[in-house]
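First up is the structure itself, then whatever we jot down about it.
Every value quoted in this text rests on a predicted model; they were computed, and no experiment measured them. Values below: every heavy atom of this structure, side chains too, minus hydrogens, waters and symmetry copies. Just follow the structure's listing: the first ligand is 1, and inside any ligand the first atom is 1. All residue numbers refer to positions in the sequence shown, counting from 1.
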Amino acid sequence: MSLTTYNNVLIPFFMYGTAWKKEATTQLVQQAVAAGFTAIDTANQLIHYQEALVGEALLALAQQGVTRDRLFLQTKFTPTNGQDHRTPYNASANLTTQVTQSFDSSLAHLHTDYLDSYVLHGPYQRQGLGAEDWEVWTAIEGLYRSGKAKMIGISNVTAEQLTQLCARAAVRPMVVQNRCYAALGWDSEVREICRTHGIIYQGFSLLTANRGVFADPAIHTIAQRLGAGLAQVVFRFAIQVGILPLTGTTNTQHMKEDLQAEQLTLTAEDMKVIETIGM
Ligand SMILES: NC(=O)c1ccc[n+]([C@@H]2O[C@H](COP(=O)([O-])OP(=O)(O)OC[C@H]3O[C@@H](n4cnc5c(N)ncnc54)[C@H](OP(=O)(O)O)[C@@H]3O)[C@@H](O)[C@H]2O)c1
């Protein structure tokens, strides 16, 4: 199953996330693709991701016949405030140059000449958008116009920031990637803005950010009725409510189970219960 962005590009309904996998990244990406994932999320940010090892996995997959066109690759530009000393661009260059250098370095890491999705890892400040954000977004728009990024997006964004971006950007984002807290109605405010502007909302840490949800008897009852795992119920809820989920599992069995969430069906009553579970 795929979703379609407002600029008519297909995006798989579930994404495999590669944060914190360290040297296991190469092996895990191959396992995730073998389990059925076709979309991979990474970032050019060595603190949390090993983008070059994702690239190693892609080389191995290509040898097994899984060619580039069968995969969806998403990576991010991480500003200097999210990097350590291993910044993958010249941190003293202007921001447009930083974006260009980081993008080119991602292409080299991933052994490709285009990205399916290129995401600004986060605005420079917690509230509102500043001059840096506009300069970086304009540079990212340039990559989209060049055809080297098939869609562009922003991550870790507030409702206020997303509203500003949609109002003033020449090209509004096709995707938003946010941590999805059940306590905030699963990020309902940001999701509503995405709905209004035809933006695909990607939710991450659906499991790790919501440990309280797993203690709630209501979700156990739903899982038991469906003969499903708790993680599967959360992922199915996400899919059914219109969220494109990411999973960060390191377990082959969990990879398969997470994808199988697509086959479950939650009733309107189940959806209502889960939608308000942590609030
Ligand atoms: N944009 C950003 O700033 C940002 C920030 C954080 C993350 N992300 C992206 O989102 C991805 C996912 O984040 P995350 O790792 O926090 O997500 P997550 O899937 O909520 O958390 C992963 C944890 O869930 C467990 N898990 C997954 N499926 C399971 C299942 N079926 N049964 C039991 N446990 C299960 C995993 O354990 P096992 O390994 O044992 O399965 C692991 O401990 C990251 O890899 C990254 O690509 C983006």
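- Put simply, no part of Tyr16 is less than 4.0 Å from ligand 1, judged by heavy atoms.
- Atom numbering of ligand 1 starts at 1 in the shown order; those under 4.0 Å from a heavy atom of Gln177 are 1 (N), 2 (C), 4 (C), 48 (C).
- The proximity of Asp258 to ligand 1, defined as any non-hydrogen pair under 4.0 Å, is limited to the side chain.
- For atom 43 (O) of ligand 1, the nearest protein heavy atom lies 4.0 Å away or farther.
- With no hydrogens or angles considered, no side-chain donor-acceptor pair links Arg168 and Gln164 at under 3.5 Å.
- Under the 30°/60° scheme for interplanar angles, the aromatic rings of Tyr16 and Phe37 are found to be tilted.
- Using a 4.5 Å cut-off between side-chain heavy atoms of Ile, Leu, Val, Met, Phe, Trp and Tyr, with links allowed through other members, Tyr49 and Leu46 fall into different hydrophobic clusters.
- Of all the heavy atoms of Ser155, the ones lying under 4.0 Å from any atom of ligand 1 belong exclusively to the side chain.
- In terms of protein heavy-atom proximity, atom 33 (C) of ligand 1 is closest to His254 CE1, 3.4 Å.
- Under the 30°/60° scheme for interplanar angles, the aromatic rings of Trp186 and Phe237 are found to be tilted.
- Numbered from 1 in the order shown, with element, the atoms of ligand 1 that lie under 4.0 Å from a heavy atom of His121 read 1 (N), 2 (C), 3 (O).
- The proximity of Asn156 to ligand 1, defined as any non-hydrogen pair under 4.0 Å, is limited to the side chain.
- Counting atoms of ligand 1 from 1 in the listed order, those under 4.0 Å from a heavy atom of Glu257 are 31 (N).
- Arg225 and Asp270 are joined by a salt bridge, as a carboxylate oxygen and a charged side-chain nitrogen come within less than 4.0 angstrom of each other.
- Looking from atom 39 (O) of ligand 1 to the surrounding protein, the closest heavy atom is Thr250 OG1, 2.6 Å.
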For this session: Check the pair Thr158 / Gln127 against side chain to side chain donor-acceptor pair (under 3.5 Å), numbers first and verdict last.
Result: CA-CA 8 Å; Thr158 65; Gln127 289 184 341; over 6 Å; no
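- Ligand 1 lies nowhere less than 4.0 angstrom from a heavy atom belonging to Met255.
- Side chain to side chain, Asn251 and Thr249 fail the donor-acceptor criterion of an N or O pair below 3.5 Å.
- For atom 18 (P) of ligand 1, the nearest protein heavy atom (residue, atom name, distance) is Gly248 N, 3.9 Å.
- Atoms of ligand 1 found under 4.0 Å from any heavy atom of Gly17 (numbered from 1 in listed order, with element): 11 (C), 44 (C), 45 (O), 47 (O).
- Within the 4.0 Å heavy-atom criterion, both parts of Ser205, backbone and side chain, lie near ligand 1.
- For atom 20 (O) of ligand 1, the nearest protein heavy atom (residue, atom name, distance) is Leu207 N, 3.0 Å.
- Under a 4.0 Å criterion applied to the non-hydrogen atoms of Leu206, ligand 1 contributes the atoms 20 (O).
- Leu259 and Val241 fall within the same hydrophobic cluster, where Ile, Leu, Val, Met, Phe, Trp and Tyr residues are linked whenever their side-chain heavy atoms come under 4.5 Å apart, directly or through other members.
- Distances below 4.0 Å separate heavy atoms of Tyr49 from the following atoms of ligand 1: 4 (C), 8 (N), 9 (C), 46 (C), 47 (O), 48 (C).
- For Met15, no heavy-atom contact with ligand 1 is shorter than 4.0 Å.
- Screening Thr247, Asn156, Ile243 against Phe204 for a side-chain contact (heavy atoms from CB on, under 4.5 Å) leaves a single residue, Asn156.
- In the model, Gln177 has a side-chain atom that pairs as donor or acceptor with a side-chain atom of Asp41 under 3.5 Å.
- Proximity of Gln232 to ligand 1, defined as any heavy-atom pair under 4.0 Å, is not found for any part of the residue.
- For atom 36 (C) of ligand 1, the closest non-hydrogen atom of the protein is Thr249 CA, 4.0 Å.
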Cut-off 3.5 Å, no hydrogens considered: what does the side-chain donor-acceptor table look like for residues 272-279, sequence neighbours left out?
| residue | atom | partner | partner atom | Å |
| --- | --- | --- | --- | --- |
| Thr276 | OG1 | Lys272 | O | 3.0 |
| Thr276 | OG1 | Val273 | O | 3.4 |

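- Summarising the contacts of atom 4 (C) of ligand 1 with Phe204, Trp20, Phe214, the nearest heavy atom is found in Phe204.
- When each atom of ligand 1 is checked for a heavy atom of Thr247 under 4.0 Å away, the hits are 12 (C), 19 (O), 27 (C), 28 (N).
- Contact annotation for atom 46 (C) of ligand 1: protein present (non-hydrogen atoms, distance under 4.0 Å).
- Each of Thr4, Asp116, Thr5 was evaluated against Leu10; a single residue qualifies, Thr4, per the side-chain contact (heavy atoms from CB on, under 4.5 Å) test.
- When Thr208, Val176, Thr18 are checked for heavy-atom proximity to atom 23 (C) of ligand 1, Thr208 turns out nearest.
- The salt bridge (charged side-chain N to carboxylate O under 4.0 Å, His left out) check on Arg195 picks up Glu192, with sequence neighbours excluded.
- Note: no N/O pair closer than 3.5 Å links Phe235 and ligand 1 by distance alone.
- For the atom pair CG (Leu120) and CD1 (Ile152), the distance works out to 10.0 Å, reported to the nearest 0.5 Å.
- Judged purely by distance below 3.5 Å, without hydrogens or angles, the side chains of Thr18 and Gln50 never pair a donor atom with an acceptor atom.
- Every atom of ligand 1 with a heavy atom of Asn251 under 4.0 Å away is listed here by number and element: 41 (O).
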